[in-house]
Every structure is written in C-alpha cells, then in structure tokens.
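Numbered from 1 within each chain, the chains take letters A, B, ... in sequence-line order. Note: hydrogens, waters and symmetry copies are ignored here, and every other heavy atom, side chains too, is used.
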Protein chains: 2
Amino acid sequence: MSTKTTASRGTRGPYAKSAARRREILEAAVSIFGSKGYSGGSIQEVADRAGIAQTTLLHHFPTKEQLLVAVLEYRDEISPNTPGTREHFAEVVAEQAENNEGVPHLIELYSVLCGEATTRDHPAREYFVKRFQRLRAEYSNELRYLASIGRLRPGVDPAIAGPTIVALWDGIQTQWLLSPEQVDMPGTLKAYLDLILINPDSLV
Amino acid sequence: MSTKTTASRGTRGPYAKSAARRREILEAAVSIFGSKGYSGGSIQEVADRAGIAQTTLLHHFPTKEQLLVAVLEYRDEISPNTPGTREHFAEVVAEQAENNEGVPHLIELYSVLCGEATTRDHPAREYFVKRFQRLRAEYSNELRYLASIGRLRPGVDPAIAGPTIVALWDGIQTQWLLSPEQVDMPGTLKAYLDLILINPDSLV
DNA sequence: ACGAAACCCGAGTGTTTACTCTAGATTAGC
DNA sequence: GCTAATCTAGAGTAAACACTCGGGTTTCGT
C-alpha cells in the first residue's frame with residue numbers, strides 16, 4: 001500500500017538504465033526481424049546486434065514472442081499514424097508514402113511480419129487482423145467525410161475504396177522492396193487518389 | 001551417345017512411381033509452407049504429412065531450398081496464368097479472383113512466401129522479383145491495348161495502373177486471409193477495373 | 001531373370017534453437 | 001552505507017534443425 005503501484009511488497013520496478021537497454025534491444029530486433037523474419041531470426045542474433053548476452057535480452061523480454069509483441073508496439077510508437085485528416089486526406093497519405101521511402105527497414109519489418117502473420121497461430125496474427133480492421137474503418141470514414149462535402153467521385157463506394165487504399169499501399173510496398181528502382185510508391189498511391197477524388201488538393 | 005540425354009553412362013532416370021511421389025511431397029509442402037512459412041516449416045513436417053520418411057523426401061529433393069523452388073514451380077503449373085486476354089481483361093481478372101477464393105491454401109502459400117521473400121538472401125526472392133516484373137509488364141501491356149481501342153479512361157497511365165492492379169490484388173488477398181468475411185476480394189478488384197475502364201464488359 | 005540403378009528408411013551427426021540456472025556486479029530506497 | 005532488488009552474463013539443457021550414411025527393397029533395361 002505504501003508504494004505507488006499494485007506491486008507486491010519488495011518490488012522496485014525497472015532501473016533508469018532499463019528503458020535505454022530495452023530501446024537498444026528493440027532497435028536490434030527491428031533490424032533482425034526485418035531482414036530475416038520472425039521465424040528466420042533468432043534471439044541470439046538480436047542479442048549479438050545489440051551487443052549484449054542472450055540471457056540479458058531474455059531478462060528484459062522473457063520470451064521471443066513477447067519480444068515480437070514489443071517490437072510491433074515499438075513500431076507503432078515511432079511511425080506516426082494518421083488521425084482525422086479530413087480534407088487533407090490525400091495530402092497526408094501521399095506525404096506519408098514519401099516518408100516511408102526514408103525508413104526502408106521499417107517497411108521491410110512490416111511486410112515480412114505481415115506475410116508471416118497470415119500463418120495460423122502466429123503470435124502477430126491478432127495484431128495484423130486488428131490493424132487492418134482499424135485501417136479499413138479509418139480510411140472508409142475519411143472517404144465518407146470527403147463524399148459528404150462533394151469531393152468523392154460519384155459511384156465510388158467508401159466501403160470499398162477504403163480497403164482498396166490499404167491493399168494498394170501494402171501491395172506497392174512489397175513490390176518496392178523487391179524492385180525499388182522500378183516502382184513509384186507515392187506516385188502510384190497518388191494516382192489512385194486522384195482517380196477517386198474530385199478537385200484534388202493542388203500541389204503544396 | 002546411346003541414351004537420349006546427356007547423362008553419363010549408367011544412369012537410368014526416375015522410375016514411373018517417382019512422379020507421383022514428387023507430387024505427393026509437393027502437395028504436402030504447399031500445405032506446410034503455406035500454413036507455417038518456409039523458415040517456420042520443417043522438412044520433417046512435410047515428410048510426416050506426405051506419410052514418408054524424412055530421408056525419402058530428401059532423396060527426391062536433396063535440400064530444403066530445392067524443395068521450395070519445386071513448390072513454386074508446382075504452384076505455377078496448377079494455377080493458370082492469364083495469357084493475352086485482350087478485350088476480356090476485366091472479365092478474366094474478376095473471374096480468377098473468384099476462383100482464388102476456392103483455393104485458399106494456395107493464396108496462403110503465395111502470401112506467406114512473398115512476404116518472407118523480401119528478406120535478403122531468401123531463396124525465393126529472385127522468383128518473386130521476376131514474377132512481379134513480368135506481371136507489371138503484362139498488365140500494363142493489356143491496358144495499353146485497351147487504351148488503343150479507346151476502352152481506357154483518359155488520364156489513366158497504363159504504366160501506373162498495371163502495377164496498381166498487381167499491388168491491389170496482392171494486398172486484398174492478404175486482408176482476405178486475415179478476415180475472410182470482411183473483405184470482398186473480387187468485388188474490390190472489379191471496382192477498380194470499373195473505375196479505369198470505359199464501357200466495361202457487361203455481366204456474363 | 002539378372003544386375004544395376006532408383007527408391008526407401010532407421011540411425012546418426014553436428015549445429016542451432018529458445019530458454020533455465022546460478023551467481024557476481026550494479027543500482028537505488030532507506 | 002546497508003541491503004535488497006535489478007541487471008548482466010557464463011554455463012548448461014533438451015529439443016529441433018537440415019542433412020549424411022549404410023543398407024535393404026523395388027523397379028526396369030537388357
């Protein structure tokens with residue numbers, strides 16, 4: 001009762017160093033899982049890249065699965081999601097697509113884990129199921145708003161165009177990872193948005 | 001010189017049973033690699049599913065990597081690709097999308113391996129790089145033909161819309177695998193084609 | 001029907017896997 | 001500055017990994 005949290009007596013919580021260590025480990029994990037996948041990468045490799053002993057890693061993240069979950073949460077923290085963009089939807093999407101070209105290791109992590117996660121009983125499956133559900137809803141809602149102010153081309157169904165943007169984005173990222181010089185990631189996305197939006201935002 | 005191929009004397013080639021065995025193994029491999037990925041699945045599991053000893057599998061496919069290559073070739077054999085479809089492009093695409101719903105294990109295999117293949121030095125990477133290059137060229141060419149007969153909406157660039165169809169297809173498949181009941185795979189593809197094509201093919 | 005090649009597999013090999021045990025060094029509440 | 005908790009890691013463990021070896025069985029050209 002004397003300490004601040006509900007921890008049983010005798011617990012002191014992580015030390016100051018701990019947060020930095022965890023960040024180092026997560027950065028290493030992004031690199032390893034991104035370049036070799038979750039199944040393909042080992043916690044030994046992650047520990048090596050972080051410059052610590054394997055057992056030290058396991059002190060901070062007791063199982064490989066918990067490390068993966070932490071990596072996914074870490075990714076969500078450092079790559080900002082788009083909240084209510086309203087009339088600037090197209091701009092924001094195109095801008096983020098351009099920014100993504102600057103963080104290829106995060107794109108790689110995302111694509112690799114997303115593919116792996118479709119396997120049954122994969123620890124990241126639930127994460128991606130919910131992520132896609134959220135993205136579909138968000139994008140569809142943005143498009144519904146744009147439709148309400150007459151900016152959506154007639155005949156375009158927000159409930160279909162929303163998932164389409166998500167699918168197009170992921171698919172073009174995969175192609176870009178395999179042939180960066182042959183695929184125009186932001187251009188392809190922008191082309192679709194120009195197709196479904198009326199009077200698109202003029203150049204910034 | 002006496003035998004038909006360039007084999008050194010004393011070789012007799014595979015027996016009649018061999019082809020069937022190889023097919024059984026490949027079917028098992030599609031199942032295992034599709035449900036657990038290439039890194040995640042073991043040749044022991046494939047052998048178990050095929051009902052043979054691990055060493056028997058290795059007799060037909062000496063390494064795990066060669067098994068993977070054979071699986072990819074097998075997939076290409078059994079799932080027909082679209083040759084020159086000309087004016088029936090939209091029909092054929094929509095039809096194939098519907099058919100894909102009937103072979104989810106092949107979609108799973110494709111999505112899982114495609115994600116994994118973006119990792120460096122993955123044995124299937126070259127396969128997917130070339131596959132996407134081919135698909136982008138094929139689809140762009142189909143659209144160029146449709147443009148030549150005035151069936152492509154003005155302003156739509158075949159060089160962008162081609163890769164877009166490929167990306168959309170792959171992306172929507174991933175979403176469908178994770179939430180089959182929430183994603184209309186053929187409908188989403190058809191919606192995009194209706195968007196970029198003029199006077200689309202009426203219902204069959 | 002003979003013999004060589006292809007087929008099939010039980011037993012093993014060395015490595016890597018995720019994870020545990022034990023124990024010394026470091027931190028921080030008091 | 002005492003002490004208990006956190007941090008770090010060396011050593012170890014059982015299981016799984018891709019793959020090899022040796023030898024028996026089946027197939028098939030001659």
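- Contact check for A/T188 versus A/Q175: no side-chain heavy atoms found under the 4.5 Å cut-off.
- Remark: B/T11 is not in phosphate contact with C/dA4, judged by side-chain N or O atoms under 4.0 Å from OP1 or OP2.
- For the side chain to side chain contact (heavy atoms under 4.5 Å, CB included) test, residues two or more places apart in sequence or in another chain that qualify with B/R86 are B/Y145.
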Donor-acceptor pairs under 3.5 Å, side chain of residues 67-76 of chain A to any protein atom, not counting sequence neighbours: which ones?
unit_1, atom_1, unit_2, atom_2, d
A/Y74, OH, A/E27, OE2, 2.5
A/D76, OD1, A/Y127, OH, 2.8
A/D76, OD2, A/Y127, OH, 3.0

Solution key, residues 54-61 of chain A side-chain donor-acceptor pairs under 3.5 Å, sequence neighbours excluded:
none

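- Distance, A/D48 CG to D/dT8 C1': 15 Å, rounded to whole Å.
- When rounded to the nearest whole Å, the span between CZ of B/F33 and C1' of D/dC17 equals 13 Å.
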Review item, nucleotides 25-28 of chain C N/O atoms under 3.5 Å of protein N/O:
unit_1, atom_1, unit_2, atom_2, d
C/dT27, O2, A/Y15, OH, 2.9
C/dA28, OP1, A/A16, N, 3.3
C/dA28, N3, A/R12, NH1, 3.3

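- Contact annotation: the side chain of A/K190 never approaches that of A/D184 to less than 4.5 Å [non-hydrogen atoms, C-beta and beyond].
- The phosphate of D/dA9 (OP1 or OP2) has a side-chain N or O of A/T56 nearer than 4.0 angstrom.
- Look at A/H59 and you'll find a side-chain N or O under 4.0 angstrom from OP1 or OP2 of D/dC7.
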query: How would nucleotides 11-18 of chain C be written as a contact map, 5' to 3', with B for base contact, S for sugar-phosphate-only contact and - for no contact, using protein heavy atoms under 4.0 Å?
result: B-----SB
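- Rounded to a whole Å, the NE2 atom of B/H60 is 16 Å from the P atom of D/dC19.
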Which atom pairs, one a donor and one an acceptor, fall under 3.5 Å between side chains of residues 99-116 of chain B and the rest of the protein, sequence neighbours left out?
unit_1, atom_1, unit_2, atom_2, d
B/Y110, OH, B/R131, NE, 3.4
B/Y110, OH, B/D170, OD1, 3.4
B/Y110, OH, B/D170, OD2, 3.3
B/S111, OG, B/I107, O, 3.3
B/E116, OE1, B/Y38, N, 2.8
B/E116, OE2, B/S39, N, 2.9
B/E116, OE2, B/S39, OG, 2.7

